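Reading through the structure tokens given below for one structure.
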Amino acid sequence: MNVTLRQIRAFLAVAELGRFNLAAGALGLTQAAVSLLIKDLEQELGVRLFDRHTRKVNLTDIGIEFLPQARKAMEDLDLATRSVRERAQLKKGKVVVASSIIFSSTTIPALIARFLDQHPGISVGLRDMPEEEIRPALLRNEADIALGTLLDDDPEIRSQPVSQDRLMLICRADHPLAARQAIGWTDLSDQKLIVLARDNPLRQIVERTMIGVAPDFLPAYDVRFSTTAIGMVAAGLGVSVLPENSMELTSAAGVCSVALSDPVITRDICVMQHKWRSLSPPAERLKEIILAAFPEAAAASRPGSDP
């Protein structure tokens, strides 16, 4: 069936105004065009919708039955198009951002607040999670965008590096290594090292580097969260290697960080999204705000910037 919106609008105008010429004026069409639209609609439906008289038209019984259904169809369409328009204009909608534990506690909340100040009609959800859960959340469409670490190229994830942070030794202030300005990774070979979960990108970076300098390396503990690792360090259970901004997470007294060198290891902080899923206007806008928080990324994303 090939019923068109123009035919439905013409039908509603004639039904409400009772005359073809009045309907034509309301629709901005000629009377002949309205008559043709009604004729085509009746032919498509296989029924007569109007009884024509010299000066007025009346709905047939089938036309009376069809009228509320036609009104409902137009109301539903108007509601749908208005909703899409409001989303495009950032007046309503929802966006979900996933983030590692560190960034969920430090960087992301202020950026969400900035977004909501500009677009109060948008709902924003924050999924704080370990790094290893970010990619699956994007692939399951449980988050629109994410901020975290992507260890290797991923055919399903589009990522944009926005910054780097350096890996540091986290230890108690009374630990023998705490007084050093910097230490090498080989200095960790005889330490009880607290690492993150095996699938965590940061764990993979640490493990790969440690095996390079100490082939027999085995961690003493593995935990899911950076905050847990810091708490265990504070309790004297060992030392850990975490990004330098992880110290913002702890209020534990007596915990400090020491620079690691030989080699200096950094990780890329990336804004990520599902490669084959377009972002909604709210998600695109929140992504812009996140990128703007990292000057180098914002410069790279401007037209005319070097790739």
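Computed from a predicted model, the values in this text were never measured in an experiment.
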| query | What do the steps show when you test V96 against E142 for side chain to side chain contact (heavy atoms under 4.5 Å, CB included), and what is the final call? | reply | CA-CA 7 Å; V96 177; E142 295 173 356; over 6 Å; no
| task | Could you check K72 against E75 for salt bridge (Lys or Arg N to Asp or Glu O under 4.0 Å), going step by step and ending with a plain yes or no? | result | CA-CA 5 Å; K72 180 66 164 55; E75 288 170 359; over 6 Å; no
| request: Go through the steps to decide whether L147 and I134 satisfy the test side chain to side chain contact (heavy atoms under 4.5 Å, CB included), and finish with yes or no. | output: CA-CA 8 Å; L147 184 66; I134 290 177; over 6 Å; no
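In this structure, the side chain of Q273 does not engage the main chain of R158 through any donor-acceptor pair within 3.5 Å. Between the side chain of S163 and the backbone N or O of I269 there is no donor-acceptor pair closer than 3.5 Å.
Scanning both residues, S159 and C270, for their nearest heavy atoms gives CB-CB, 4.1 Å. What you find for V124 and L286 is that their closest heavy atoms are CG1-CD2, 4.3 Å. The shortest heavy-atom contact between L12 and M74 is CD1-CG, 3.5 Å. Shown here for I145 and A283, the closest heavy-atom pair between the two residues is CD1-O, 4.0 Å. Residues S257 and M247 approach most closely at CB-CG, 4.0 Å, considering heavy atoms. F294 approaches V162 most closely through the heavy-atom pair CB-O, 3.5 Å.
Sorted by first then second residue, the side chain to side chain donor-acceptor pair (under 3.5 Å) pairs that include residues 200-212, not counting sequence neighbours, are E132-N200, R203-E207. The ring pair (Phe, Tyr, Trp, His ring centres under 6.0 Å) contacts involving residues 6-43 comprise F11-F50, F11-F66, where partners must be two or more places apart or lie in separate chains. For residues 216-225, the side chain to side chain donor-acceptor pair (under 3.5 Å) pairs, not counting sequence neighbours, are E133-R224. Screening residues 61-71 for side chain to side chain donor-acceptor pair (under 3.5 Å) gives no qualifying pairs among residues at least two apart or on separate chains.
Checked for salt-bridge contact, E42 and K39 miss the test: no charged N lies under 4.0 Å from a carboxylate O.
Contact annotation: the side chain of E131 approaches that of R267 to within less than 4.5 Å [non-hydrogen atoms, C-beta and beyond]. Two residues are said to be in side-chain contact when any heavy atoms from C-beta on lie closer than 4.5 Å; W185 and L188 meet this criterion. Counting heavy atoms from C-beta outward, I230 and S240 have side chains that stay 4.5 Å or more apart. By the 4.5 Å heavy-atom criterion applied to side chains, K94 and D144 are not counted as neighbours. The side-chain heavy atoms of D187 and R180, taken from C-beta on, include a pair separated by under 4.5 Å. For the pair P243/L202, a side-chain contact is recorded, criterion being any heavy-atom separation below 4.5 Å from C-beta on. L193 has its side chain within reach of V206: a pair of non-hydrogen atoms, C-beta onward, lies under 4.5 Å apart. Proximity of T186 to D262: side-chain heavy atoms (C-beta onward) are nowhere separated by under 4.5 Å.
Residues passing the side chain to side chain donor-acceptor pair (under 3.5 Å) test with Q164, sequence neighbours excluded: D268.
Once rounded to the nearest 0.5 Å, the distance linking CD of E244 with CG of L169 reads 13.5 Å. To the nearest 0.5 Å, atom CE of residue M272 and atom OG of residue S99 are 8.5 Å apart. Put simply, OG1 on T266 and CG on L167 are 7.5 Å apart, with the number rounded to the nearest 0.5 Å. Interatomic distance, CD1 of I108 versus CG of D128, reported as 11.0 Å (0.5 Å rounding). In this structure, the separation between CD1 on I112 and OG1 on T107 is 11.0 Å, given to the nearest 0.5 Å. Considering CE of M232 and CG of L237, their distance stands at 5.0 Å, rounded to 0.5 Å.
At most 12 non-hydrogen atoms from other residues, nucleotides or ligands lie less than 6.0 angstrom from CD of Q181. Applying the 6.0 Å contact sphere to CZ of R277 captures more than 12 heavy atoms from other residues, nucleotides or ligands. The 12-atom threshold is not exceeded at CZ of R6, counting heavy atoms of other residues, nucleotides or ligands nearer than 6.0 Å.
Other residues sharing the hydrophobic cluster of V264, ordered by chain and number and joined by side-chain separations under 4.5 Å: none, the residue standing alone.
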